[in-house]
Amino acid sequence: MMAEMVRMEHLEKHFGDFEVLRDINLTVGEGEKLAIIGPSGSGKPIWRLPRSTRRW
């Protein structure tokens with residue numbers, strides 16, 4: 001079993017009354033790669049991980 005490097009549970013994000021994420025769960029294991037893709041304006045910066053979790 002791989003060690004968990006990033007784990008999010010029940011993530012929600014609102015901009016005022018506008019709900020953009022609801023009950024999102026994500027686990028990224030050691031050695032796994034994650035890519036967030038989407039069109040311009042789709043909210044990709046919401047997913048930025050803390051710098052301490054990045055291994056380039």
Side-chain angles (χ1 to χ4, degrees):
M1 182 174 173
M2 285 190 190
E4 291 179 353
M5 297 302 292
V6 176
R7 182 178 185 177
M8 291 184 271
E9 293 183 335
H10 310 293
L11 180 69
E12 294 183 1
K13 178 67 178 177
H14 295 82
F15 291 105
D17 291 334
F18 186 66
E19 182 179 52
V20 293
L21 298 175
R22 181 191 310 158
D23 200 26
I24 300 296
N25 299 305
L26 173 71
T27 302
V28 180
E30 185 175 6
E32 291 184 316
K33 293 181 173 51
L34 173 68
I36 305 297
I37 60 173
S40 179
S42 65
K44 295 177 298 292
I46 292 170
W47 292 95
R48 287 191 180 145
L49 302 176
R51 192 172 295 273
S52 62
T53 63
R54 295 182 186 165
R55 292 185 178 181
W56 303 104

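Position 1 is the first residue of the sequence; numbering continues from there.
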>> Set out, in order, the CA-CA distance, both residues' side-chain angles and the distance that settles side-chain contact (heavy atoms from CB on, under 4.5 Å) for L34 and V6, then state yes or no.
In response: CA-CA 10 Å; L34 173 68; V6 176; over 6 Å; no
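- With rounding to the nearest 0.5 Å, the separation of CD in E12 from CZ in R22 is 8.0 Å.
- Scanning all heavy atoms of the two residues, the minimum distance from T27 to R7 falls at OG1-CG, 3.9 Å.
- Within the model, atoms CD of E4 and CD of E32 stand 10.0 Å from one another, a figure rounded to the nearest 0.5 Å.
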* Asked: Hey, mind stepping through H10 and D23 against side-chain contact (heavy atoms from CB on, under 4.5 Å) and telling me if it holds?
  -> CA-CA 4 Å; H10 310 293; D23 200 26; 2.6 Å; yes
